[in-house]
Structures are given as C-alpha cells and as structure tokens.
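Since the structure comes first, as structure tokens, the remarks are kept for the end.
All heavy atoms count here, side chains included; hydrogens, waters and symmetry mates do not. A quick note: this is a predicted structure, and the numbers were derived from the prediction, not measured. One-based numbering, in listed order, for ligands and for the atoms of each.
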Amino acid sequence: RVKETGKNGYQLFTKNMNEKVQTRVSLERELRRAVQQGEFDLVYQPKVSLSTGRVTGAEALIRWNKDGRIVSPQDFIPVAEETGHIIAIGRFVLNKACEDAVKWHKLGFKDLDVAVNLSARQFRDENLIDSVCGIIDSTGIDPRLLGLEITENTMMEDIQTTIIALAHLVQRGVKISIDDFGTGYSSLSYLKKFPIHVLKVDRQFIKDIPDDTDDIAISTAIINLAKGLNLQVVAEGVETQEQLDFCREHGCDGIQGYFFSRPLSCDAFMELLLSGRTLYQ
Ligand code: C2E
Ligand code: MG
Ligand code: MG
Ligand code: MG
C-alpha cells in the first residue's frame, strides 16, 4: 500500500505518526500536572436493586477537567497505565470514593456501597493491599461497603498472583466484581477459583436487547452462570424499559445505566438519595 501511494503516501504516514507521538508526549506531561494540581474528579453512577427498586450504591468513575474540557477515562487511562501515573491517580480515586461514601453514610444512607475500578497495573502494584488497607483505615469506611471492579483480562494475566491478591482483599472485607464480564479472555474454570462476589454483564451485551437474539442468549447465559455460582449479577448500560424488563425477568440482582441515571457529581448523587427516587414508582 505504501508502494502504491508512493512518496506522498509515505509522507502522510510519517506526519500522522509524528502527530500521534506529539499528542502522546504532551498527554504524558499533562497527566503529571493533572495529578499534582488536582484536575481529577469523580462522578457516581447509581446502582439499583431490581428486587426493591432502590439505590444500593454507586460506581465511581473518574473525570479529568482539562482546561475546562472534560476528558473521558477511555482517552487517558491507557496512557496513565503505560506511564505509571495510574498509581497516583488510582490512589486519589480510592481515597476520594471512600471519603464520599462515608459522607453518604453520615447522611443516613448507611448501607450504600461504592465501587472503584482498578486497572491492570494498579492491581499488579505490590503496594496495592497496603494502599487499600491504609485508605480503609484513614477514611473509616466499612470495608464491606467498598467494592473493587477488576476486568477478567486483568485477573487472567497472572492467575496465582491474582488469587493471592484477591484473597487478601476479601479477607479485609472488600467485595470484588468482575467488570465487563464476557468481553475478555477468562476461562470459566477460574470463576470458581477466584474469590469474587459480583459479575457485571458488559454493556455490549445489553445495548441491542431486545432486537439481537444472540445478545439475549449471551446475557441470559451470563446471568444463569452467575446465579449457579452464587454470585450477584449486575447489568451495565441499561438504557430502555425493555432492557430493564429483560434484566428483571431473567433474575439480575441489579442494574446500572442511563435508564435510571447517568453518572452524577457527588452533590447531585446526594440530592438523588435525599429525593428518595426509586426505579419503580
Ligand atoms: P466501566 O467500569 O465498565 O464503566 C462503565 C462505563 O459505561 C462508564 O463510562 C459509564 O459512564 C458508562 N455507562 C454507564 N451506563 C451507561 C449507559 O446506559 N449507556 C452508555 N452508553 N454508557 C453507560 P466512563 O465513565 O466513560 O468509563 C469508561 C471506562 O473507564 C470504565 O468502564 C472503566 O473501565 C474506566 N474507568 C473509569 N473510571 C476509572 C477509574 O477511576 N480508574 C480506572 N482504572 N478506570 C476507570
Ligand atoms: Mg466498572
Ligand atoms: Mg463495566
Ligand atoms: Mg463496560
């Protein structure tokens, strides 16, 4: 293809490469500044129980306020991973999420849990357990109300280390979710070896329900698998009444998604709690 397009094609290609390298270099520099200057914030997406219709907790999702523009985690978490900035960012996220959850508890919502996403490098960090335990102690959060979301690919990277790390975290009382379940490379046989509590059905399998019969089959299978293994199952990305009905009829324990609420600032989430709004009226 380079041959066909000749010299111009080649120049275009290198220009594009240079731009990518430039963007990456500046992103790295900006990430370092962002950590130091506190440009990160968390939003909270409510999680709702399908048996009661009530909010049971929230997932913390990071946002980067970069010069007045919000950058999505998908655009910077991978670079933060590669450069190691994720360690400092992850500590910020865990600490802020626990502090905010303690605020909700003090408001009277004593059973609400908060879930934090851990990326692969954070999960592999040798200081992870100490860091999590330190933050549990300093914020005073009940560890049973702290959840950690880890993808199956992260867990599968080094199975023995995963089992040991998860066992330590679970012993400290935290709950473990497998995030984006069904999109990675996990072998089903490991589900029973990992000490986990929740399977989260990836949005990819929910978004085309009820039109896509393959997705209906896959989601049904994941829900049944979770139930058979005595795990909780939460569907991500529920946007419509039909998707909600599907999840309810098939026995999902909980849902997250725009149908009930987009991710909210901590203040807006507390207003939602105080309003008493539920999924079913
Ligand atoms: P995730 O953990 O699977 O989070 C769910 C994503 O789906 C969030 O995107 C959420 O805003 C979005 N979402 C929820 N409900 C709906 C819906 O009904 N429709 C649609 N279209 N989207 C929905 P977000 O916040 O952009 O986060 C993307 C990913 O970035 C997360 O996927 C997670 O893997 C990662 N991430 C977010 N925050 C953090 C963090 O603090 N640390 C780490 N390591 N990763 C994070
Ligand atoms: Mg998640
Ligand atoms: Mg997810
Ligand atoms: Mg997902």
At the 4.0 Å heavy-atom cut-off, does Lys200 count as touching ligand 1?
-> no

Within-shell test, Arg262 vs ligand 1, heavy atom, strictly < 4.0 Å = no

Looking at Arg121 and Asp125, does any basic side-chain N land under 4.0 Å from a carboxylate oxygen?
-> no

Hey, does Gln256 come in under 3.5 Å of ligand 1, counting only N/O atoms on both sides?
-> no

Heteroatom distance test (Ile62, ligand 1): nitrogen or oxygen, under 3.5 angstrom = yes

Per-atom contacts, ligand 1 versus [X] - under 4.0 Å to a heavy atom:
X	result
Gly237	15 (N), 16 (C), 17 (C), 18 (O)
Asp180	3 (O)
Gly257	15 (N), 18 (O)
Pro263	11 (O)
Gln45	14 (C), 15 (N)

Okay, side chain of Asp180, backbone of Thr183: is any donor-acceptor separation there less than 3.5 Å?
-> no

Under the 3.5 angstrom rule, does the side chain of Glu242 hit a backbone N or O of Pro210 as a donor-acceptor pair?
-> no

Would you call Val234 and Ser177 a side-chain contact if the rule is heavy atoms closer than 4.5 Å?
-> no

Test side chain to side chain contact (heavy atoms under 4.5 Å, CB included) applied to Phe181 and Val201, Asp202, Val198, Leu225, the passing residue = Leu225

If you check every N/O/S atom of Glu149, which is the one nearest the Mg ion (ligand 2)?
-> OE1

Of the N, O or S atoms in Asp179, the one nearest the Mg ion (ligand 2) = OD2

Result for side chain to side chain donor-acceptor pair (under 3.5 Å) between Gln256 and one of Arg203, Glu236, Glu59 points to Glu59

Classify the angle between the aromatic ring planes of Trp64 and Phe76 as parallel (below 30°), tilted (30 to 60°) or perpendicular (above 60°).
-> perpendicular

Is it true that the side chains of Thr83 and Glu28 contain a donor and an acceptor less than 3.5 Å apart?
-> no

Has Glu59 got an N, O or S atom lying less than 2.8 Å from the Mg ion (ligand 2)?
-> yes

Any N/O/S atom, backbone or side chain, of Ser177 lying under 2.8 Å from the Mg ion (ligand 2)?
-> no

Out of Glu236, Gln122, Glu239, who gets a non-hydrogen atom closest to atom 44 (N) of ligand 1?
-> Gln122

Where on Glu59 is there a heavy atom closer than 4.0 Å to ligand 1, on the side chain, on the backbone, on both, or on neither?
-> side chain

